[in-house]
Student: 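The following block contains the structure, expressed as structure tokens.
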Amino acid sequence: EAQVTQNPRYLITVTGKKLTVTCSQNMNHEYMSWYRQDPGLGLRQIYYSMNVEVTDKGDVPEGYKVSRKEKRNFPLILESPSPNQTSLYFCASSLERGVTDTQYFGPGTRLTVL
Amino acid sequence: QKEVEQDPGPLSVPEGAIVSLNCTYSNSAFQYFMWYRQYSRKGPELLMYTYSSGNKEDGRFTAQVDKSSKYISLFIRDSQPSDSATYLCAMIPNSGYALNFGKGTSLLVTP
């Protein structure tokens with residue numbers, strides 16, 4: 001089954017404790033990205049990756065890191081989480097950047113930073 | 001001013017009604033326009049996309065783009081309770097990479 005998986009689905013942590021949210025897709029997609037979704041603000045892109053070893057900032061990259069060492073995986077790293085990073089996070093992938101390619105979204109990771 | 005504006009609702013309609021969902025935008029460089037549907041506790045899924053101005057129909061769904069007014073719409077005919085979800089518009093310029101999302105409109109279709 002074609003899918004994007006994220007882990008963990010729910011995470012409660014404390015300020016300053018490094019964490020990683022994993023994202024994996026099994027569709028051999030080139031393009032992957034991370035979004036955060038907040039009430040009243042909607043979905044905002046954090047980082048995206050056009051291909052292996054190629055990443056770039058989206059609209060709200062501060063406080064986040066990403067890496068793309070393999071095509072299928074695109075982890076999101078919070079080196080020192082803060083309460084304002086409490087949010088619902090989505091990973092997405094598509095065959096190419098082109099908008100005619102369907103972006104598949106993962107199920108989401110709900111992060112709470114205390 | 002946010003680049004993409006969308007009324008958050010909630011919008012409640014009876015089963016069988018025609019639903020109209022709308023977004024306005026300010027960036028005239030947007031060329032691709034998309035509608036996503038998001039069920040509770042799920043990720044968004046692409047419903048439809050259109051390029052530039054015009055209409056596109058897919059079953060009960062029709063997407064309209066009016067670039068002169070910077071206004072896009074999604075119409076749902078014969079709405080069903082299973083259409084209850086949040087609908088997000090998104091747009092991207094020809095030369096850009098990031099999807100610009102509206103905040104989403106929450107729709108409830110009651111039996």
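Below, read A as the first sequence line, B as the second, and so on, with proteins coming before strands; counting in each chain starts at 1.
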Student: Would one find more than 12 heavy atoms of other residues, nucleotides or ligands at under 6.0 Å from atom CD1 of A/Ile12?
Tutor: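 Check fails, neighbour count at 12 or below.
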Student: Checking heavy atoms, do the side chain of A/Gln6, its backbone, both or neither come under 4.5 Å from chain B?
Tutor: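 Nothing of A/Gln6, per the 4.5 Å heavy-atom cut-off to chain B.
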Student: Between A/Arg110 and chain B, which part of the residue has a heavy atom less than 4.5 Å away: side chain, backbone, both or neither?
Tutor: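 Neither the backbone nor the side chain of A/Arg110 comes within 4.5 Å of chain B.
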Student: Search all heavy atoms of B/Ser73 against all heavy atoms of B/Asn22 and return the closest pair with its distance.
Tutor: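 For B/Ser73 and B/Asn22, the tightest heavy-atom pair comes out as OG-OD1, 3.0 Å.
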Student: What part of B/Pro44 lies closer than 4.5 angstrom to a heavy atom of chain A: side chain, backbone, both or neither?
Tutor: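 Contact with chain A is through both the backbone and side chain of B/Pro44.
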Student: Does A/Lys71 have more than 12 heavy atoms from other residues, nucleotides or ligands lying within 6.0 Å of its NZ?
Tutor: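 Correct, the count exceeds 12.
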Student: Using the side-chain contact (heavy atoms from CB on, under 4.5 Å) definition, which of the options B/Lys70, B/Gln6, B/Lys103 pairs with B/Cys23?
Tutor: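 The residue from B/Lys70, B/Gln6, B/Lys103 that satisfies side-chain contact (heavy atoms from CB on, under 4.5 Å) with B/Cys23 turns out to be B/Gln6.
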